[in-house]
Amino acid sequence: MEEKKIVTDSNIEVKPLYTAHDLPSPEELNEKSGEFPYTRGVQKDMYRGRLWTMRQYAGFSTAEESNKRYHYLLSQGVMGLSVAFDLPTQIGYDSDHPLSEGEVGKVGVAIDSIDDIGTLFDGIKLEEVSTSMTINATAFVLLSMYVAQAKKQGADLKKISGTIQNDILKEYAARGTYRFPPKPSMRIITDIFEWCSNELPKWNTISISGYHIREAGSTAVQEIAFTLSNGKSYVKAALEKGLDINVFGKRLSFFFNAHNNLLEEVAKFRAARRMWAQMMKELGATDPKAMALRFHTQTGGSTLTAQQPQNNISRVTIQTLAAVLGGTQSLHTNGFDEALSLPTESAARIALRTQQIVAFESGVTETVDPLAGSYYVEALTQEIEDKATELIAKIDAMGGSVTAIEEGFIQDEIARSAYEYQRNIEDDQKIIVGVNKFQVEEHNDTPILKVDDNIREGQVQKLQTLRNNRNQAECDSLITELKNKATGTENLMPTVLAAVEKKCTLGEIAGALVEVYGEYK
């Protein structure tokens, strides 16, 4: 009887037994951590020196409500804040815009102005926390608001640390919260790179994201291929602007997903580091730190099930181990209830405790890259690298990520993989515990977090008060200046910062650029 072929989620065949013959060359096995090409990690002593930053992605309803959750998480041992914004904020509409109706404060916090940012970070010293903001099309506005708030606190901008996602290419490919067309969006991103290298040297100016590519249904191989290819496009755009790869290269970071196939995920992270180091070297980087791929991980939202939701605690634990064994710099763990609603406070606490148990009780942090030398993990690292490199070569032949997205190639590849995965679940080729096997009759009594539908009214009132109490002539003048600059080549960031400080709203600033650049459809 012929033995059944077993494959990983990326359709890589798994042999029944791996031996020394499957290992790469002895030189590769003798690689050290903290040195090019960083297969074994970007720091020499990894978690022996310092643990990853434990973040909990949070933000819902109003700035006041989110501020309470941040203070709670900080009291529970979170080391960095991670802000979720509602859809109108992500796309660049004020809460009183007709298209914002029904979405204000739902999937994240509603931020319309500098006043909201002041409330969001009330009682939190921005010089002392690292803040990650999941924002893309309007990243330049939210960063400006954050800087304006730091200035109000009297902070030294040279010490402010954190990350904006600012990765617009994956929005066109997988997620959909874009506003402007690709070319002007790339111009805004390189303006941020340039401005931050002078004004905010510790800020990570982009978090090139595979997370949402994976959530849309890609495989692990596609996740790193499309993400690194997008990264290459950002680097080339910055080089064309005349920026120094050894300066901006150190402030590029990545954001990956962690799914349940533990060893494939570990191999994926190791392969991604090696590939990026080679890529940056080929693009002209000579500073080792500009070649090191640093990344944040979030456990896989799409792997969570509404059926038997407490099983998700086990899934998140496996994914946490994958991220840590793969050498992540920062990690968010999902609440077990997130297939049902935004996480409740108790679910967020269990998620954070999962990271703390892995950090302090599991022993996996005590030596660098503990799975290195495993016949299977080393062979899988190489195989993932080979397949991802092949895919990047296809994109390069099209002219790079921007063209591949404009032609729909990346979107089609992701859709095909998502379809295959779903078909395998429906055919019972892929077992999801509690969904297509080991079901029980369920009476779901998991408490869920509900966001009040009246939040929009409060935001609209705040906006009216803001507009009645600001210097309208100054605002109009800055909006005109922004439109004029947008038609030229001068950096937009100083004008955007001045505009938010004078209480121009997010929607007014984004709307001004839509008038110049148009809207991407």
Side-chain angles (χ1 to χ4, degrees), residues 57-67 69 82-121 133-146 148-149 164-166 168 171-172 174-181 184-185 188 212 341-342 449-470 472 475-476 478-479 482-483 496 499-500 502-521:
Y57 183 49
F60 59 95
S61 177
T62 60
E64 290 85 353
E65 285 297 317
S66 295
N67 177 262
R69 177 67 67 91
S82 198
V83 185
F85 297 98
D86 72 0
L87 284 174
T89 306
Q90 291 181 50
I91 298 171
Y93 294 116
D94 287 333
S95 297
D96 58 0
H97 192 284
L99 288 176
S100 299
E101 195 167 345
E103 287 295 345
V104 176
K106 286 295 169 73
V107 299
V109 62
I111 299 292
D112 294 316
S113 73
I114 179 70
D115 289 359
D116 289 331
I117 283 282
T119 305
L120 188 67
F121 294 108
M133 294 191 273
T134 304
I135 195 80
N136 297 283
T138 54
F140 66 107
V141 187
L142 270 299
L143 177 62
S144 298
M145 288 180 181
Y146 190 85
Q149 177 63 14
I164 37 172
Q165 195 161 96
N166 197 27
I168 202 66
E171 295 298 327
Y172 303 120
R175 190 161 171 267
T177 66
Y178 41 71
R179 188 75 188 276
F180 319 112
S185 293
I188 295 169
H212 307 94
S341 73
L342 290 167
L449 181 70
K450 283 204 167 119
V451 175
D452 189 344
D453 282 325
N454 299 324
I455 283 160
R456 185 169 186 245
E457 290 166 29
Q459 285 297 117
V460 170
Q461 282 168 0
K462 282 191 215 168
L463 277 165
Q464 282 170 348
T465 306
L466 174 99
R467 291 187 182 117
N468 292 338
N469 292 305
R470 66 185 182 180
Q472 192 58 45
C475 288
D476 293 342
L478 283 161
I479 291 293
L482 181 62
K483 286 196 262 194
V496 177
V500 300
K502 292 294 180 189
K503 305 208 171 184
C504 292
T505 69
L506 169 91
E508 289 163 351
I509 293 166
L513 292 184
V514 166
E515 284 182 45
V516 179
Y517 297 141
E519 211 156 337
Y520 182 74
K521 295 278 188 265

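Side-chain atoms are counted along with the backbone in the values below, which use heavy atoms only and exclude waters and symmetry mates. Numbering of residues begins at 1 and proceeds along the displayed sequence. These numbers come from a predicted model, not from an experiment.
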Can you give me the closest heavy-atom contact between [X] and [Y], atom names plus distance?
{"X": "G118", "Y": "Q149", "value": "CA-OE1, 3.4 Å"}
{"X": "V496", "Y": "V141", "value": "CG1-CA, 4.1 Å"}
{"X": "Q90", "Y": "A137", "value": "O-CB, 3.8 Å"}

Are any non-hydrogen side-chain atoms of [X] and [Y] less than 4.5 angstrom apart?
{"X": "D86", "Y": "E103", "value": "no"}
{"X": "V109", "Y": "T89", "value": "no"}
{"X": "F180", "Y": "I168", "value": "no"}
{"X": "M145", "Y": "L506", "value": "yes"}
{"X": "I117", "Y": "L142", "value": "yes"}

When rounded to the nearest 0.5 angstrom, what distance separates [atom1] in [X] from [atom2] in [Y]?
{"X": "I164", "Y": "I135", "atom1": "CD1", "atom2": "CD1", "value": "9.5 Å"}
{"X": "Q165", "Y": "T134", "atom1": "CD", "atom2": "OG1", "value": "5.0 Å"}
{"X": "I188", "Y": "L513", "atom1": "CD1", "atom2": "CG", "value": "5.5 Å"}
{"X": "E65", "Y": "R69", "atom1": "CD", "atom2": "CZ", "value": "9.5 Å"}
{"X": "D476", "Y": "I479", "atom1": "CG", "atom2": "CD1", "value": "8.0 Å"}
{"X": "L120", "Y": "F85", "atom1": "CG", "atom2": "CZ", "value": "7.0 Å"}

**Asked** With sequence neighbours left out, what residues match F121 under ring pair (Phe, Tyr, Trp, His ring centres under 6.0 Å)?
**Response**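 Scan of F121 (ring pair (Phe, Tyr, Trp, His ring centres under 6.0 Å), adjacent residues dropped) gives Y146.
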
Under the 3.5 angstrom rule, does the side chain of [X] hit a backbone N or O of [Y] as a donor-acceptor pair?
{"X": "D112", "Y": "S95", "answer": "yes"}
{"X": "S144", "Y": "F140", "answer": "yes"}
{"X": "S66", "Y": "A58", "answer": "no"}
{"X": "D116", "Y": "I111", "answer": "no"}
{"X": "D452", "Y": "N454", "answer": "yes"}

**Request:** Among residues two or more places apart or on two chains, list those pairs meeting side chain to side chain donor-acceptor pair (under 3.5 Å) that have a residue in residues 512-521.
**Result:**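 The answer is Y93-E519, R179-E519, R187-Y517, K483-E515.
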
**Prompt:** Who are the salt bridge (Lys or Arg N to Asp or Glu O under 4.0 Å) partners of R175, not counting sequence neighbours?
**Reply:**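 If we apply the salt bridge (Lys or Arg N to Asp or Glu O under 4.0 Å) test to R175, skipping adjacent residues, the hits are E171.
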
**Message:** Under the rule for salt bridge (Lys or Arg N to Asp or Glu O under 4.0 Å), what residues qualify as partners of E508, not counting sequence neighbours?
**Reply:**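 Scan of E508 (salt bridge (Lys or Arg N to Asp or Glu O under 4.0 Å), adjacent residues dropped) gives R467, R470.
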
**Item:** For E101, all residues meeting side chain to side chain contact (heavy atoms under 4.5 Å, CB included), sequence neighbours excluded
**Value:**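 Testing E101 for side chain to side chain contact (heavy atoms under 4.5 Å, CB included), a comparison that skips the adjacent residues, returns R456.
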
**Non-neighbouring partners of E64 that pass side chain to side chain contact (heavy atoms under 4.5 Å, CB included), sequence neighbours left out** = T62, T119, K462

**Request:** Answer yes or no: are there more than 12 heavy-atom neighbours, outside K106 itself, under 6.0 Å from its atom NZ?
**Result:** yes

